[in-house]
> 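One structure follows; several queries about it will come next.
One-based numbering, in listed order, for ligands and for the atoms of each.
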Amino acid sequence: MTQEQWGKLQQNLLTTVGKNNYTTWIEPLEFLEINDGVAIFEVPTSFLGNYVSQNFGDLILHQLTEVGASVRRINFRVAANLTQRPAPVAKKETPKEVLKQDEPAAAAAAPQAAREDTVPGAPLDARFTFDSFVVGKPNELAHAAARRVAEGGPVTFNPLFLYGGVGLGKTHLMHAIAWELQTQRPDLNVVYLSAEQFMYRFVQALRDRKMMDFKQLFRSVDVLMVDDVQFIAGKDSTQEEFFHTFNALVDQNKQIIISADRAPGEIKDLEDRIKSRLQCGLVVDLHPTDYELRLGILQSKVEQHRQQYPELELAPGVLEFLAHRISTNVRVLEGALTRLFAFASLVGRPITMELTQDCLADVLRASERKITVEEIQRKVSEHYNIRLSDMIGPKRVRTYARPRQVAMYLCKQLTSRSLPEIGRRFGGRDHTTVMHGVKRIEELRQQDGQIAEDLEMLRRALEA
Ligand SMILES: Nc1ncnc2c1ncn2[C@@H]1O[C@H](COP(=O)(O)OP(=O)(O)OP(=O)(O)O)[C@@H](O)[C@H]1O
C-alpha cells in the first residue's frame with residue numbers, strides 16, 4: 001500500500017469515526033509499511049497505540065483489506081524519541097529497547113484487530129520486570145521458578161502455578177516473565193491476560209459467533225499466562241472453555257503459567273478436573289513478606305522515588321519503621337512510600353519519623369496487627385521446643401518456667417491484655433506471678449545476650 005492509498009483510507013476513516021476521534025486518534029498514525037501481512041504504523045506514544053488497537057483496530061484492518069491490501073493484522077511502533085514508559089525504571093534504556101518493550105504491549109492490547117495470529121493478551125506493565133523484583137526468603141522459590149520459565153527453554157513443568165495473598169507479587173512475576181521472553185525469545189507468541197479478560201473474550205466470541213477464531217487464537221499461543229484464575233470459579237462455560245484451551249496447549253507442549261490467590265485445591269467452585277490439571281505441574285506459593293523483604297522492597301522503591309524527588313532527605317530509621325509496622329501487603333507498603341514522598345515534597349520538609357507518623361497515621365492504624373496471647377504461646381513453645389501444654393501447665397522446672405516467663409513478657413509487650421488476663425491464659429495463674437515473670441525477663445534481657453536475642457527473634461516472628 002502506498003502513502004497515497006493510506007491518505008485515501010484516512011478520509012474514509014474520518015467519515016466513519018467523526019472529526020474528533022479522527023483528529024485525536026487517527027491523524028497521529030503514520031503508516032510505515034506492510035511487512036509479511038502486518039501493517040505497521042508509527043505512533044507518538046504507546047498509550048495512543050493501545051487505544052487505537054482496542055477501539056479502531058478492527059475498523060482499520062477492515063478498511064485495509066477493502067482497498068486490497070494483503071494484511072492479516074496491524075501493529076504499532078512507538079516513535080523512539082517520544083517514547084515514555086509509565087514509571088521510572090532502574091535500568092537505563094536505549095530507544096531500541098523501549099521500542100521492543102512497547103511493541104508487544106501495543107500489539108497485546110489489540111483484541112479487536114485479532115485474526116488468527118494476533119496476540120490476544122493484555123498490555124504489560126513496564127515497571128514489572130525481574131530487575132525491579134526484590135527477592136527474599138518468602139518469594140525465592142516462586143522467583144526461581146519464574147526465572148526458569150522465562151528462559152523459554154524446554155517445558156519442564158506445566159503449568160507453573162503461582163499463588164499467594166493479595167499484593168504479594170504474582171502479577172509482577174508474570175509480567176516479568178513476559179518481558180523477559182519478549183527479549184530472549186521474540187519468536188514466541190507470549191500471551192498474558194487475566195481470567196476475567198479470558199472470560200470476557202470468550203463471551204464476546206460467543207456473542208459474535210466467532211468461537212472458531214477464539215479457539216484458533218488461543219491454541220496458537222506458545223506461552224499462555226492467566227492471572228487470578230480463581231475468577232472463573234463458578235462460571236461454568238468459561239471453565240469448560242478454559243479446560244479445553246489448557247489441554248490443547250499442554251498437548252502441544254506449550255508453557256502455561258497460572259496465578260491465583262490460593263492453592264488449586266482450595267479454589268471453591270472450580271471443577272475437580274481443572275483443579276487436578278492445575279496441580280499437575282509446579283505449584284509454588286508466595287509467602288507473606290517478612291521484615292527483611294519489606295525493607296529490601298522499600299529500599300529499592302526509594303531509589304526510584306529519588307529520581308523524581310532528588311532533593312528530599314530521608315531520616316535514618318524511617319524505612320525500618322515502615323517495614324516493621326506495615327506488614328499487610330506490598331501494594332500498601334508502596335502506596336505509603338509514594339504518599340510520604342509526595343507529601344514531604346509538597347510541604348518542603350525532610351522525611352522524618354514525625355512527618356511519617358503524621359502523614360501515614362491512617363495507614364499505620366489500619367495495619368496494626370493484633371497479636372494474640374495464643375500466638376505468642378505457640379511461637380514461644382516452638383522456639384524452645386517444649387509442648388504448649390507444659391508451658392501453660394503447672395510444672396515449675398526451669399525448662400518450662402523460663403519460656404513461660406518469656407511468653408508472659410511478650411504478652412505484656414505486644415498485646416493490650418492486663419496482667420490478670422494474661423495470668424488466666426497461663427493456666428489460671430495469679431497476676432503477681434505474671435508481674436514477677438515480666439520483671440525477671442526484663443532484668444535478664446539486660447544481662448543475658450542469649451535472652452535478648454531470643455526476644456528479638458520472637459518479636460520479629462510475631463510481628464511479621
Ligand atoms: N518482591 C517484590 N519486589 C518489588 N515489588 C513488589 C514485590 N512484590 C510485590 N511488589 C509490588 O507490589 C505491588 C503488588 O504486586 P502484584 O500486583 O504483583 O500483586 P498480586 O500478587 O498480583 O496481587 P493481587 O492478588 O491483588 O492480584 C506491585 O506494584 C508490585 O510491583
> Any idea which of Met174, His172, Lys170 brings a heavy atom closest to atom 25 (O) of ligand 1?
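Considering heavy atoms of Met174, His172, Lys170, the nearest to atom 25 (O) of ligand 1 sits in Lys170.
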
> Can you tell me how far apart CG (Leu337) and NZ (Lys301) are? Round to the nearest 0.5 Å.
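With rounding to 0.5 Å, CG (Leu337) is 9.5 Å from NZ (Lys301).
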
> Is ligand 1 less than 4.0 angstrom away from at least one heavy atom of Lys301?
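Yes, Lys301 has a heavy atom closer than 4.0 Å to ligand 1.
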
> Are Phe231 and Phe198 an aromatic pair, judged by ring center distance below 6.0 Å?
no

> Could you list which atoms of ligand 1 come closer than 4.0 Å to a heavy atom of Val134?
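Close to Val134: 1 (N), 2 (C), 3 (N), 4 (C).
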
> With the threshold set at under 4.0 angstrom, would you say Gly164 reaches ligand 1 through any of its heavy atoms?
no

> So, Glu240 versus His244: side-chain donor-acceptor pair below 3.5 Å or not?
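There is such a pair between these side chains.
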
> Can you find a non-hydrogen atom of Asp261 under 4.0 Å from ligand 1?
no

> Output yes when Glu292 and Arg460 qualify as a salt bridge under the 4.0 Å nitrogen-oxygen rule, no when they do not.
yes

> Could you see which bit of Asp228 sits under 4.0 Å from ligand 1, with heavy atoms only: side chain, backbone, both or neither?
side chain

> Do any nitrogen or oxygen atoms of Arg331 lie less than 3.5 angstrom from nitrogen or oxygen atoms of ligand 1?
yes

> So between Gly169, Ser300, Ala176, Ser259, whose heavy atom ends up nearest atom 19 (O) of ligand 1?
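The residue whose heavy atom sits nearest atom 19 (O) of ligand 1 is Gly169.
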
> How far is atom 10 (N) of ligand 1 from its nearest protein heavy atom, and which residue and atom is that?
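For atom 10 (N) of ligand 1, the nearest protein heavy atom is Val330 CG1, 3.3 Å.
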
> First locate atom NZ of Lys170, then atom CG of Leu162, and finally report the distance between them rounded to the nearest 0.5 Å.
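Reported to 0.5 Å precision, the distance equals 9.0 Å.
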
> Which heavy atom of the protein is the closest neighbour of atom 29 (O) of ligand 1, given with residue, atom name and distance?
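Nearest neighbour among protein heavy atoms for atom 29 (O) of ligand 1, to 0.1 Å: Glu334 OE1, 2.8 Å.
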
> Is ligand 1 under 4.0 Å from a heavy atom in the side chain of Ser132, in the backbone, in both, or in neither?
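The backbone, only.
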
> For Glu456 and Arg445: C-alpha separation, side-chain torsions, deciding distance, then whether salt bridge (Lys or Arg N to Asp or Glu O under 4.0 Å) applies.
CA-CA 10 Å; Glu456 180 56 21; Arg445 198 171 71 87; over 6 Å; no

> Got an N/O contact under 3.5 Å between Leu168 and ligand 1?
yes

> Can you tell me which residue and heavy atom of the protein come closest to atom 22 (O) of ligand 1, and the distance to 0.1 Å?
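The answer is Thr171 OG1, 2.6 Å.
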
> How are the rings of Phe341 and His305 set relative to one another: parallel (under 30°), tilted (30 to 60°) or perpendicular (over 60°)?
parallel

> Between atom OG1 of Thr415 and atom CG of Leu410, what is the distance when rounded to the nearest 0.5 Å?
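That separation rounds to 9.5 Å.
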
> Looking only at heavy atoms, is any part of Asn139 under 4.0 Å from ligand 1, and if so is it the side chain, the backbone, or both, or is it neither?
side chain

> Take Val52 and Ile60 through the test side-chain contact (heavy atoms from CB on, under 4.5 Å) and record every step on the way to the result.
CA-CA 9 Å; Val52 174; Ile60 298 175; 3.8 Å; yes

> Quick one: do Leu298 and Leu333 satisfy side-chain contact (heavy atoms from CB on, under 4.5 Å)? Show the steps, please.
CA-CA 8 Å; Leu298 283 170; Leu333 202 63; 3.8 Å; yes

> When only distance counts, is Gly167 in polar contact with ligand 1, meaning an N/O pair under 3.5 Å?
yes

> Please work out, at 4.0 Å between heavy atoms, whether the side chain, the backbone, both, or neither of Val166 comes within that distance of ligand 1.
both

